[in-house]
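Both counts, for ligands and for their atoms, begin at 1 and track the order of listing.
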Amino acid sequence: MNQEIERVKVLIIGSGPAGYTAAIYASRAGLSPVLYTGGQPGGQLTITNDVENYPGYPDGIMGPEMMEDFKKQAERFGTDVRYGMVTKVDFSSRPHVVTVDDQVTIHSETTIISTGASAKWLGIESETRLNGKGVSACAVCDGFFFRGQEVAIVGAGDTACEEASYLANICSKVYMIVRREEMRASQIMQNRVMNNPKIEILWNSETDEILGEEEVRGVRIFNNKTGEKKEIAISGFFVAIGHQPNTEIFRDFVHMDPSGYIKTIPGSSKTNVDGVFACGDAQDNVYRQAVTAAGTGCMAALDAERFLAAHENH
Ligand code: NDP
């Protein structure tokens with residue numbers, strides 16, 4: 001059957017704070033946006049518990065509930081939220097050709113990329129089982145829940161150093177689990193953690209298992225030089241071994257940095273492709289907060305609206 005190809009003014013790819021905020025603005029501007037949720041509707045916040053740093057929620061809110069609120073607000077103004085995964089794009093001309101679930105083809109006049117990033121994980125069973133029960137990939141989000149307690153963090157890059165320092169301000173002690181005998185982080189960040197009396201660095205160490213049934217109670221590590229194992233009592237386990245932006249499908253068209261973060265023109269959400277805008281963690285490896293993602297989502301919708309207005313008669 002020869003189906004007619006759907007044409008939309010604004011297509012939003014991704015359903016985290018960036019995508020839904022773009023949807024709220026675009027729908028209120030009368031642009032009838034279509035939003036595809038991707039494989040993890042609601043994005044990274046759906047795998048956190050309490051969110052206490054998003055302004056407007058004085059008592060905090062559960063991550064999944066907050067994303068449900070974002071969705072409802074976007075739908076209230078007419079956003080067409082659809083479950084589906086964008087599997088292919090062709091941005092070589094306008095309208096953009098976007099394929100969903102390898103089946104449906106959509107032509108979009110503008111496209112907003114808000115596909116986010118995913119934290120990298122160690123990949124051990126106890127990490128998955130205790131995720132949200134003391135295991136976290138975001139010290140800024142969850143460190144506060146461990147104030148006055150002992151925690152561990154894995155990683156040795158700038159993020160791990162920054163997060164270890166952040167945690168040391170809140171927690172009584174921070175163990176930093178480093179797999180080699182040196183760190184990847186910049187010297188200044190390394191100095192900061194090495195000079196912090198609350199941070200103990202465990203060199204040549206890898207995680208064997210995170211201990212605890214209902215919540216984290218400790219971690220068993222092993223020294224990859226000596227084979228020696230030891231258990232440390234902790235109540236929070238942070239993973240800071242990098243993030244992966246979910247941008248692979250755009251690689252042939254959109255300029256990115258070597259890690260895959262989309263490059264935007266500073267002070268805007270514009271990419272190198274006409275009518276393609278990027279917001280949220282897909283283009284931000286520095287702040288990575290829900291509120292900054294929402295802010296850039298707003299920018300993307302406004303940029304798309306202005307782009308459409310300028311191209312209306314062309
Ligand atoms: P990086 O890729 O720089 O570092 C990842 C770290 O995790 C490395 O030390 C790596 O170890 C370690 N690691 C990776 N996999 C494992 C594993 N399976 N087990 C144990 N350890 C593992 O990521 P970051 O998120 O730290 O930084 C990303 C980028 O952002 C960098 O360019 C960084 O400079 C930048 N950044 C800058 C900041 C600033 O300037 N203020 C703050 C935060 C980030 P190994 O070294 O052995 O490979």
What verdict does the side chain to side chain donor-acceptor pair (under 3.5 Å) test give for D158 and S186, after you've listed the backbone C-alpha separation in whole Å, the side-chain angles of each residue and the deciding distance to 0.1 Å? CA-CA 6 Å; D158 282 332; S186 54; 3.0 Å; yes
Show every donor-acceptor pair shorter than 3.5 Å between a side-chain atom in residues 124-137 and any protein atom, with sequence neighbours excluded, or say none if there are none.
{"residue": "E125", "atom": "OE2", "partner": "R129", "partner atom": "NE", "Å": "3.0"}
{"residue": "S126", "atom": "OG", "partner": "I210", "partner atom": "N", "Å": "3.0"}
{"residue": "E127", "atom": "OE1", "partner": "L122", "partner atom": "N", "Å": "3.2"}
{"residue": "E127", "atom": "OE1", "partner": "G123", "partner atom": "N", "Å": "2.7"}
{"residue": "E127", "atom": "OE2", "partner": "L122", "partner atom": "N", "Å": "2.8"}
{"residue": "T128", "atom": "OG1", "partner": "I124", "partner atom": "O", "Å": "3.4"}
{"residue": "R129", "atom": "NH1", "partner": "G212", "partner atom": "O", "Å": "3.0"}
{"residue": "S136", "atom": "OG", "partner": "C138", "partner atom": "N", "Å": "2.9"}
{"residue": "S136", "atom": "OG", "partner": "C138", "partner atom": "O", "Å": "3.2"}
{"residue": "S136", "atom": "OG", "partner": "D142", "partner atom": "OD2", "Å": "2.7"}

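Residue pairs meeting the side-chain hydrogen bond (donor to acceptor under 3.5 Å, both in side chains) criterion with at least one partner in residues 96-108, sequence neighbours excluded, are T87-D102, H96-T111, S108-T111. Within the structure, every pair that satisfies the salt bridge (Lys or Arg N to Asp or Glu O under 4.0 Å) test and touches residues 72-85, not counting sequence neighbours, is listed here: E6-R82, K71-E75, D80-R82.
When heavy-atom distances to ligand 1 are checked against 4.0 Å, the residues falling inside are L122, V154, G155, A156, G157, D158, T159, E162, R179, R180, R184, I241, G242, N285, ordered by chain and number.
In this structure, a donor-acceptor pair under 3.5 Å is present between the side chains of T79 and S27.
Using bins of under 30°, 30° to 60° and over 60° for the plane-to-plane angle, the ring pair F307/F277 lands in the perpendicular bin.
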